[in-house]
**Q** 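Attaching a single structure in structure tokens format; questions to follow.
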Number of protein chains: 2
Amino acid sequence: MDRVDDVLARVREAGGRVTSTKRAVVTVVSSNADAHLTAEQIAEQVLRNLPDSHISTVYRILHELEDLGIVRHVHLGHGPSTYHLAADHHHHAVCESCGVVVELPSDLYDDVAARISADHGFELDVPHFALAGRCRSCATA
Amino acid sequence: MDRVDDVLARVREAGGRVTSTKRAVVTVVSSNADAHLTAEQIAEQVLRNLPDSHISTVYRILHELEDLGIVRHVHLGHGPSTYHLAADHHHHAVCESCGVVVELPSDLYDDVAARISADHGFELDVPHFALAGRCRSCATA
DNA sequence: ATAATTGCAAAGTCTTTGCAGTTTG
DNA sequence: CAAACTGCAAAGACTTTGCAATTAT
């Protein structure tokens, strides 16, 4: 029923095993659907309940979930990657001044993608990197 | 007259000093206008003539030139940054399969930028990260 | 002179990996 | 039981930094 259980079922289907850390990672990512959590932030939350887990395990689980198409990672800037559910389509713009993340509609690149496809035969992926600029308050300040 | 000399003049204007490594870095970047050189590749070329230079110096010079608006760095993917003259406007798409870099017109994002500005008051910078996808040959293969 | 710059080695950040022991199915 | 998974410590990739010595102006 739960999104978490659905995900864990998919993990098992793929031959993976369900461990407590894996369950915790899935739970954290699922309950922060709109957040842009880094591996470190995810690990921090996981370790609150499972103090013997390790961030390297979190990285491995995140990769597994990404291979299964459940999770995606996005680069908001020069720092660490951030992770979110793949089902959650949206694009991002990050203010270089204050760091705020603006969520953008998922059709944002449709015209650009069509143009690149027509002109170059290049088929664009869902962008993997955020746009950068200045948010309203910082732009006028 | 030379673009290299123009750049070095600007460096001096800004209070910087012209050293042999700096001249070499500027020369390498200027003579590879369309390439997407990493710091390591730039250092490699510099070291051919100045074997006692060091890549950390190249990084420092690249930063200085970037602060002066002469050079920009772009991330083509998950690897190292690539550097090119700022005067050389263009955007990039990288094939995730074969790695080829497609250069895209500099007005590519104009509509997207206008839309984000109108809807969110967010003023987009020149993108700093390449788009990713599949080039014509890899998309059809 | 004197402030900028350098080479070097060390540290920093984020992520991956080898391995020996543990756990899941 | 066998394969998957784990914690840990170490390594890896890329970049930055502290410092004492050197160099440009």
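From a predicted model like this one, the values you see are computed outputs, not experimental measurements. Letters go in sequence order (proteins before strands), and every chain restarts at 1.
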**Q** Could you grab the distance from atom CZ of A:Arg72 to atom CG of A:Leu85, nearest 0.5 Å is fine?
**A** 12.0 Å
**Q** Identify whether the distance between the nearest side-chain nitrogen and carboxylate oxygen of A:Glu64 and A:Lys22 falls below 4.0 Å.
**A** yes
**Q** Which atom pair, heavy atoms only, marks the closest approach of A:Leu68 to A:Ala14?
**A** CD2-CB, 3.5 Å
**Q** If you count heavy atoms of other groups shown closer than 6.0 angstrom to NE2 of B:His90, is the number above 12?
**A** yes
**Q** Please state how far atom CD1 in A:Ile61 lies from atom P in C:dT15, giving the value in whole angstrom units.
**A**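 Atom-to-atom, A:Ile61 to C:dT15, this comes out as 16 Å.
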**Q** Which whole-number value in Å describes the distance from A:Arg23 CZ to D:dT6 C1'?
**A**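 Computing the A:Arg23:CZ to D:dT6:C1' distance gives 16 Å.
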**Q** Provide, to the nearest angstrom, the distance between the CG atom belonging to A:Leu62 and the P atom belonging to D:dC5.
**A** 14 Å
**Q** For B:Asp67 and D:dT16, give me the distance from atom CG to atom P, rounded to whole Å.
**A** 11 Å
**Q** Is there a side-chain contact between A:Tyr83 and A:Leu37 (heavy atoms, below 4.5 Å)?
**A**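 Result no, sub-4.5 Å side-chain heavy-atom pair not found.
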**Q** Tell me: CG of B:Asp52 to P of C:dA9, nearest whole Å?
**A** 13 Å
**Q** Any side-chain heavy-atom pair from A:Leu65 and A:Val29 closer than 4.5 angstrom?
**A** no
**Q** Is it true that B:Arg115 and A:Asp107 have a side-chain N and a carboxylate O under 4.0 angstrom from each other?
**A**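 Between A:Asp107 and B:Arg115 there is a salt bridge, with a charged N closer than 4.0 Å to a carboxylate O.
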**Q** Provide, to the nearest angstrom, the distance between the NZ atom belonging to B:Lys22 and the P atom belonging to C:dA3.
**A** 17 Å
**Q** Given atom CZ of A:Arg60 and atom C1' of C:dT22, what is their separation to the nearest angstrom?
**A** 13 Å
**Q** Counting only side-chain nitrogens and oxygens, does B:Ser53 get under 4.0 Å of the OP1 or OP2 atom of C:dG7?
**A**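 Yes, B:Ser53 has a side-chain N/O under 4.0 Å of OP1/OP2 on C:dG7.
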**Q** Counting only heavy atoms not in B:Glu66 (residues, nucleotides, ligands), do more than 12 fall under 6.0 Å from its CD?
**A**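 Counting neighbours around CD of B:Glu66, more than 12 heavy atoms of other residues, nucleotides or ligands fall under 6.0 Å, so yes.
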**Q** Looking only at side-chain N and O atoms, does A:His128 offer a donor or acceptor that is under 3.5 Å from a partner on A:His73?
**A**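 Judged by distance alone, the side chains do pair up.
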**Q** Identify the pairs formed between an N or O of the protein and an N or O of nucleotides 11-15 of chain D at a distance under 3.5 Å, and give each distance.
**A**
residue, atom, partner, partner atom, Å
D:dT15, OP1, B:Ser81, N, 3.1
D:dT15, OP1, B:Ser81, OG, 3.2
D:dT15, OP2, B:Tyr59, OH, 2.4
D:dT15, O5', B:Tyr59, OH, 3.2

**Q** With the criterion being N/O to N/O and under 3.5 Å, what pairs connect the protein with nucleotides 23-25 of chain C, and how long is each?
**A**
residue, atom, partner, partner atom, Å
C:dT24, O2, A:Arg17, NH1, 2.5
C:dG25, OP1, A:Arg12, NH1, 3.0
C:dG25, OP1, A:Val18, N, 3.3

**Q** In this structure, how many angstroms lie between the P atom of D:dT23 and the CG atom of B:Leu50, rounded?
**A**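 Those two atoms, CG and P, are 13 Å apart.
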